Amino acid sequence: MRIGYPCINRSIGCTTNSTFRLASYSEERLVGTVANNLACLSRVLRYNTENGLLFFRISSDIVPFASHPVCKYGWMGQFRKEFHAIGAHIRKHKMRISMHPDQFVLLNALDDGIVRRSISELEYHCDVLDAMGLDSTAKIQIHVGGVYGDKKKAMEQFVQRYRLLDKKIKKRLVIENDDRLFCLRDCLAISERTGIPVLFDSFHHSCLNNGEGLREAMKAAARTWKRKDGPLMVDYSSQEKGARKGKHAEQIDIRHFSAFLGGAKRSGVDCDIMLEIKDKEKSALKAKAVLGVF
DNA sequence: CCATGTCAAGGTCAC
DNA sequence: GTGACCTTGACATGG
């Protein structure tokens, strides 16, 4: 079981997410920004291995505008050595990697333009992981998409669109249960028809479910992951007190996490846990300490 | 130099 | 049908 956090490290004073405005796009600007982001990513990964945090989500902003028509630059070739070195570090330390394209990636959209742009964005994410030489256990997680007034049809649309995807995307793509629209049961139904693995988000599941307990839910999700996919990925968070339902906590609630971890252990499912907590590596380190006690 | 508005991309929900 | 909100850090501009 590996523990990790997404995209940002607040301790070491650099960012892997620097970007710029589309209006100020230039090749020089792109090259400078990507160089900065990759150098920082190396530092973050070194920090993570030194601290036993072996699960990490790489930011979608690592190459700004990569899937936008404005970007014609061959960044993969330019930074081949840097990507390769990062990949070598990841493999050497047996780290797990995920990426999470944002809300604009909608495979089941009604508009063909949106679908086309979504697929380009997925290709870009694959390119990053491929450039690092990572195997099929490195995943790209998305949500099922929009409902568009007819949930059943929206799910069917996802299935049809998924089947048309290129092999290189299918190798990495997984779906995650969300907190308002598509629950775990919906994701499992889609998985049944496509073979796509289901990433289990425990916090979303607590917001939207059909009464399945943690253990049952984790076992069901884990069954959708084949050997080539690696262990089940789990996103963990807890509710920020006094805030809107679904808002992620600022810092880890140790009692809540311990209870969750107990349930996860009892499920007998091997999994990697991503802590989606605002203070990032700080809470991940606390979680790691809790794991040590179990 | 600091504060504030803005940023490629969409969808849902309240009104 | 329209506008607020989601969610978020970092850029960019204006004072």
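Computed from a predicted model, the values in this text were never measured in an experiment.
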For A:Arg21 and C:dG9, what is the distance between atoms CZ and P respectively, to the nearest whole Å?
15 Å
Please give, in whole Å, the distance from B:dC7 P to A:Asp102 CG?
16 Å
Give the dot-bracket string for DNA chain C, reading 5' to 3', where a pair is Watson-Crick or G-U wobble with both distances under 3.5 Å, ( ) marks pairs inside the strand, [ ] marks pairs crossing earlier ones, | marks a partner on another strand, and . marks unpaired.
||||||..|||||||
Between the protein and nucleotides 13-15 of chain B, which nitrogen or oxygen pairs are less than 3.5 angstrom apart?
none

Are the aromatic ring centres of A:Phe20 and A:Phe65 under 6.0 angstrom apart?
yes
For the residue pair A:His143 and A:Ile175, establish whether any side-chain heavy-atom pair is separated by less than 4.5 Å.
no
Kindly indicate whether the side chain of A:Phe203, heavy atoms from C-beta on, has any atom under 4.5 Å from the side chain of A:Asp179.
no
With a 6.0 Å cut-off (strictly less than), is the heavy-atom count around CD of A:Glu156, excluding the residue itself, greater than 12?
yes
Just call it for A:Phe65: base, sugar-phosphate, or nothing, with non-hydrogen atoms closer than 4.0 Å on any strand.
base
Please list residues of residues 103-119 of chain A whose heavy atoms come under 4.0 Å from any atom in DNA chain B, ordered by number; otherwise none.
A:Gln103, A:Phe104, A:Leu106, A:Ile114, A:Arg117
Whole angstroms only, please: what is the OH-P distance between A:Tyr148 and B:dG10?
10 Å
Once you round it to whole Å, what is the distance between C1' of C:dA10 and CZ of A:Phe20?
13 Å
Lys/Arg cation over aromatic A:Phe182: A:Lys151, 6.0 Å, 45° cone:
yes
